[in-house]
Each structure stands twice: as C-alpha cells, then as structure tokens.
J.: 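First the structure, which I've put down as structure tokens, then a few questions once you've had a look.
Nothing here was measured: the structure is a model prediction, and the numbers come from that model. Quick note on labels: first sequence line is chain A, next is B, and so on, each numbered from 1.
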There are 2 protein chains.
Amino acid sequence: MVLEIPMGKRLPIPSTLKDVANSANVSIPIVSRVLSGNPEVRVSADTRQRILKAAKSLSYHPNASARSLKAKRTYTLALFVPDVGNPVIPEIIRGVEAGAQSAGYAAFVSHLDEKAVSEQRYLTWLQEGRFDGLILATARLEDSIVEDLVRSRRPFVLVNRRESSTNMHITVDDAAGARIAINHLVELGHRRIAHLAGPLMFDTSLRRLQGYRQELDAHGIAYDSSLVQEYSWQTWEGGKVAMKRLLQGKKPPTAVFASNFMGAVGALGALKEFGLKIPEDFSLVGLHDSPIAEVIDPPLTVVKMPLHEMGRRAAEILINILEDRPCVIPQVLTPEGLVMRKSTAPCRCLS
Amino acid sequence: MVLEIPMGKRLPIPSTLKDVANSANVSIPIVSRVLSGNPEVRVSADTRQRILKAAKSLSYHPNASARSLKAKRTYTLALFVPDVGNPVIPEIIRGVEAGAQSAGYAAFVSHLDEKAVSEQRYLTWLQEGRFDGLILATARLEDSIVEDLVRSRRPFVLVNRRESSTNMHITVDDAAGARIAINHLVELGHRRIAHLAGPLMFDTSLRRLQGYRQELDAHGIAYDSSLVQEYSWQTWEGGKVAMKRLLQGKKPPTAVFASNFMGAVGALGALKEFGLKIPEDFSLVGLHDSPIAEVIDPPLTVVKMPLHEMGRRAAEILINILEDRPCVIPQVLTPEGLVMRKSTAPCRCLS
DNA sequence: AGAAGTTGAGCAAACGTTTAACCAAAAGGA
DNA sequence: TCCTTTTGGTTAAACGTTTGCTCAACTTCT
C-alpha cells in the first residue's frame, strides 16, 4: 500500500487575537484580557460573551511562540536521556513530567546520542530559548557537556549523577543501596560476596563500591579485592564476562551484588552457563528495579530506588531556579528498599 | 545533603541582534543577514568581520520564539508515546529523530499518559503551535484522539497503527510477520500451533491473526479456534494467563506464536510453570525484537520488524506535508525477518 | 451643577526576528 | 559631464501577544 500526499492541500491558518477581535467587534487587547481568565479585568457581560463566542467559533488558540517571545519564557523543560532503552529511564521520565506539570510547565524528552553531543544540541537549544531549563538524566556522561552547561550559565540539573563542576544535581544514595543489598546477603549466611562494579570513573559506581565495603566491614567480613570486578557499563555482555572471571577465581563467591540492572542480567547468564542454580547454588542481587526484573528467570531480587521521586525533584529544583525562588531541597534520596524475588536464598555453606 | 538555592542569582540575559548590531556599529538587518550564512548577501569584508566578532564575543544565539513567530514554523515535531517502557518504543524514537534531523527538524518525545489524553495535551500543544506536526507511536490508542486530530486539520501521522478516520499512518506488515513465524514453526514439524492474540479491537492484532490463519492454510493445516487465545495487551501477566489456558486444553499445542514481546515473555513463564522445557518440549516465537530478547532464558526467537525505518518514514511523511511537497511513500513496511535464537526447535512429535 | 471617581474599552509600544523596499555613494559607460 | 548600474548598507513593517497608559462616558458625591 502506498500513501500519496497530494500537493496544495493547504493546512488551515490558525486564527489570531486579531481575528477574534474583528469577529467580536472589539479591540485586540480586550480580547487578550478576557481570554486570560484573569478575574480582575473589568468588562461588560455583553462584550465578554461576544468575545468568548467568537473565540470558540474560530477555535482560537494563543500562539505559543508569540507568547514566549513576549514573556521571555517558554514554560518548557527538556529532559535529555542518553539511552531511551535503559530500563531505569522510563520512571525518571514520568517523575520529571509529573514535577513539571504540577508547576504548569511542559517537559519534553530528547535522546542524547553521540551526534547530539558532538553538535552540542543540548546547549544550542537551551541558548536559543527553545526551553527554559535542562535536565540531564544520564549515567554515561561526558564531562565536557557539564562544563559547557556551567559556562553557559543557563539553568540545568543533573539527575542520578554528580559532577565536580556543579552542585546542581540530585541523586539516590547509592552507598545505602549497596549496603541494603550486602546486608541482605549477609543475613542469608553469605560470606564470600562478590561485587560487579560499574566503571569506577563514575561517581555512582564508586559510591556503590563504597557501600559494599562499608557493609562488609560492619559485619566483620574482610574485604577481598579479587571479589570485585569492574565491568563495562550498560551492556549485559560486560556483566556476563565479569561474572565469568569471578567464577573462575580460586575461591569463588557464593553471592554477588551487581551494580546495575543490565549487569545483573548479564551475570545471570554467566551463572547459568556455569551450571549454577539460582538461588540454590548462588545468590544474586541487582540495583534498580524494572518490570523486566519480574519476568526474567529467576525473578530478580533488587534494591529499589526512588527514581520517580528523583525525576520529580529535578523538575522542582529547576523550576525554582527559573522562578528565582529560594529553596532548600534534599539532594540525596534514600533507597526504597529491597524487593525480594527469587534470586537470593540462604547460603549452601550453612547446611 | 541538602541543596540550597539562593535568591536573586539572576540568570544571564541572552544577547539579541540589537546588542550585536550596537556592538558592531551596524544596523540590525545586516547582522541578521550576515549571520544567516546566506552567501548571496553582499557585505564588505570589514563589516562581516566586525559582526562575526561581536556575535561571538556576546555569544549570540538567535531566539527561537522570535524566529518561529516570524516564520510561522517551529521546525519541531512531537512524538507522543503511550508507554515509554515498552521495549519497541526506543527504536521508533530513534527512527523518528533520525528522520527529523536529516530534514533539519527537531523531534521531542512526550509521554502520553491518561492525564495527557484527558487534557487533550497533544491537541492543545499542536494548536498553540508549539510544534508543527505530531507523530503518534501507539498501540493502545483511544479513537477519540485520532478523531480530534482529524477535526483539527493539523498534520499528524500514526505509527504502527491504522485508524479508519485517516490514511495518515505507517505500519509494518503484521500479517507477513505472522506468516514468517508460522512458516518457521511448520518447517520445524509443528502442526498444533497456537496463537496468543492481542485484543482483537486493534487492527494490528487482527492482521497478525489473519497472517496466522493464512499461513496455516498455505500448509494445509486446519484452523482450530481453540488454539487461539486473546490476551490483554502490553502486560506479560496477560500472556501468562492465556498461555495457561492453552496448555490446559484437551489437545494442547506444541508451539505458540505470541502476538507481541511482552506476551511472549508471559507465555514463557507459564510454560516453565508447567514444567515444559523450551525449546525441547515446546517452541515459542515472538513478534518484535528487543535487547531483552537476548538475555531472557531461553533467548527468544522473534520476527523482527523495521521499527527504526518506520519511525524515520513517519517523520519524512510529516515533513513532506508540512513543506507542502507531494510525495509517494510505501505505507506498509515488510518484516526484516526471523531472528533465530533458542526458543524454537524441531517438534518432538517427529521423533 | 460641578468636581471627583469608576467603568469599559482603545491606543501604542514592546518582545527579537526576517524581509521587502529604499537610498546614498561609488563605479562604470556614453 | 550626465545617466545608469552596482555596492553596501538603512529604514520600515510584520509575525501574535501582553501590558501600561489614555480616555470617553457614566456614576456618585458635595
């Protein structure tokens, strides 16, 4: 089947205040005032009715560009995400939208791929005033982006990530999340607990590693660096390879805490390849929840993070800046807790 | 840790053409012309240099609202998706962005939740001229949306879905996809092939069912309505329940074709609960690929659809309409083919 | 009745950009 | 020398809104 678009099927020309004013036999400003809905405007009942009727019959809608030009505001936020496919992203998106909407702002999502970065699209659009502020929801972050943003002195917020050049960020308490995971494993009797760490150049990975060590410490378990494997971010393949390395060590672990969702999935693959039964032979805890965690085999026990809340706060902060309102906001969110599914069980070493 | 936003940290005021003109001691229009990059403009080398220098040192960026107001165009497209978490969405998004960018347009994604529908946000934003055209990437579609859009006479394109009230849609050949899946199963020796069908009020589900029947016919296999189960869309739970019903029939199937990705995942869960080994005891084919298909156990054999291409075309069509260019575009894309993984195998009934 | 206040609406300017129309000065042609 | 053309700009208008100011026509008060 083929779609033919004929030439010259002109699109309708939107009606303007002028059209409404002409139709109602009044001046433009009074139309603007009446349609603004402001109860302060003094206008006769008759005029008001005529204007309302004309606006409706012409299906008038105020032009956003003209409004923004006048107001020097678009009341629009942009949310840049590097990877739309990442399972943690959707909840952040919904959070940002919720936060924006409740303050009368719109939020749009844009995919920050390599090309967008090299063209500095995020910056240009901000500078052109296409939107008032920017939220960067990203784990894979090129530092140059943040520096450009700081230099531009335009409002932006980092989500789920910190950067030395700015204090405009909102994150979850990754260390606390790691501690919850490790505590759970320790309580199940595990002692040799491995950690699949994300690239340590990222602050999130570092904090998770920190939490891992802290909690081991708290339980009097010695830290064994051979039980920590760094793996490449965001791809399950990386987690798989790293998990294999862990299993091939001389004293393999009985449980593992994976630094993120895709890593956990990769690790699961490796464990199965080694013929290990989860959770009977080996326990696995992931970080960040996702609907997918329920359907994989076995369903994954994870530490859930308040991603929605984080998105909402990011929008709130940004809007406070835009409206030049002072505000004091907790910048680090505590984990929501453990979601127990079927990938963890008491350590065999107990029996 | 707490973030304090101090009051009165004024944001920088963007510079305008006027500022540049003053700084370079020229009039505004010549600045506009020089910065437009149009080689036709006749200007002395000296003036050009002064303007360029001033623009750079003031870090001038043209104001998007003013431009759009003048041009009556925003060169922006909006892509509304009902469910950001749906695994097929990311590729469509990337396709739309690619198509938009190559034509000089920007594309933004917005999440079309219930509230957005009830507030008709998609319509309002279009009517306000926040963007020039609209792409609806949705399977869960409320008809009223399309009707509103048609009535508004503003440009929009439906992606992955058809609707009687418009011919502005671009889809994949679902029937052909179903045929590929069934043919694969038949070639593996399966005869009792079930179908998990999406809600039959959706055209996509209907076409997949159609393809299923056609291909059975082509192989001389009688259609057995007890082998078809309708299940609720987009949730793996639905697929699970439906699959269980199929397995509890008197003459259970040896293979199943699931109408979409989440359905296939749900079916997998049900099959495992019944103690069936995949693919030894039972074969499963899904529709639509996703990175997740590789990591679940077993990796899912699916029929892959050209989702990226579909997104790209949607953007192309929309832009052709906007620029009042006639065009002839294939409206139905053929499947990319079967992605063979580990969820299908020769029928046991053969041995 | 005259002054003062209120009501209802119009006029004009501004937001930043683009573009058509215009014009002085320099250059070229007879 | 005078007329025409080219060069290198300028002036003015327009896109659709919003908002401060103005102002005529009533109303109310003294």
J.: Is there side-chain contact between B:S110 and B:L79, with at least one heavy-atom pair below 4.5 Å?
T.: no
J.: Please state how far atom NZ in B:K18 lies from atom P in D:dT10, giving the value in whole angstrom units.
T.: 15 Å
J.: CG of A:N38 versus P of D:dT18: gap in Å, rounded?
T.: 12 Å
J.: Check whether A:R50 reaches the backbone of A:A24 with its side chain - one donor and one acceptor, N or O, closer than 3.5 Å.
T.: yes
J.: Whole angstroms only, please: what is the NZ-P distance between B:K70 and C:dT19?
T.: 7 Å
J.: Report the distance from atom CD of A:E128 to atom P of C:dT18, rounded to the nearest whole Å.
T.: 11 Å
J.: State which of D:dT7, D:dG9, D:dG20 makes the closest approach to the side chain of B:I30.
T.: D:dG9
J.: Need one value for A:V26: base, sugar-phosphate or nothing, where a base atom within 4.0 Å counts as base even if backbone is also close, heavy atoms only.
T.: sugar-phosphate
J.: I need the CD1-C1' distance between B:I13 and C:dG16, as an integer number of Å.
T.: 14 Å
J.: Can you tell me which nucleotide in C:dG10, C:dA21, D:dT17 comes closest to the side chain of A:T16?
T.: D:dT17
J.: Is any side-chain N or O of A:R33 under 3.5 Å from a base N or O of C:dG10, one able to act as donor and the other as acceptor?
T.: yes
J.: Measure from CZ on B:R73 to C1' on D:dA14 and round the result to the nearest Å.
T.: 18 Å
J.: Check the distance between D:dT18's P and A:L35's CG and give it to me in whole angstrom.
T.: 9 Å
J.: Kindly point out which of C:dA20, D:dG16, C:dA9 is positioned nearest to the side chain of A:N63?
T.: D:dG16
J.: Looking at A:N167, is its backbone amide N or carbonyl O close enough to the side chain of A:Q331 to form a donor-acceptor pair, meaning the two atoms are under 3.5 Å apart?
T.: yes
J.: Establish, yes or no, whether a centroid distance under 6.0 Å links the rings of B:F108 and B:W125.
T.: no
J.: B:K72 has a side chain; which of D:dC15, D:dG9, D:dT17 sits nearest to it?
T.: D:dC15
J.: Any idea which of D:dG8, D:dA12, C:dT17 is nearest the B:P29 side chain?
T.: D:dA12
J.: For DNA chain D, whose closest nucleotide is more 5', that of B:I28 or that of A:L69?
T.: B:I28
J.: Between A:Y60 and B:S27, name the one whose nearest nucleotide on DNA chain D is closer to the 5' end.
T.: B:S27
J.: Heavy-atom nearest nucleotide on DNA chain C for B:S32 versus A:R50: which residue maps closer to 5'?
T.: A:R50
J.: Heavy atoms only, 4.0 Å cut-off, all strands: where does B:T47 land among base, sugar-phosphate and nothing?
T.: sugar-phosphate
J.: Whole-Å distance between C:dT17 P and A:R67 CZ?
T.: 21 Å
J.: Is a side-chain donor or acceptor of B:D132 paired with a backbone partner of B:T74 at a separation under 3.5 angstrom?
T.: yes
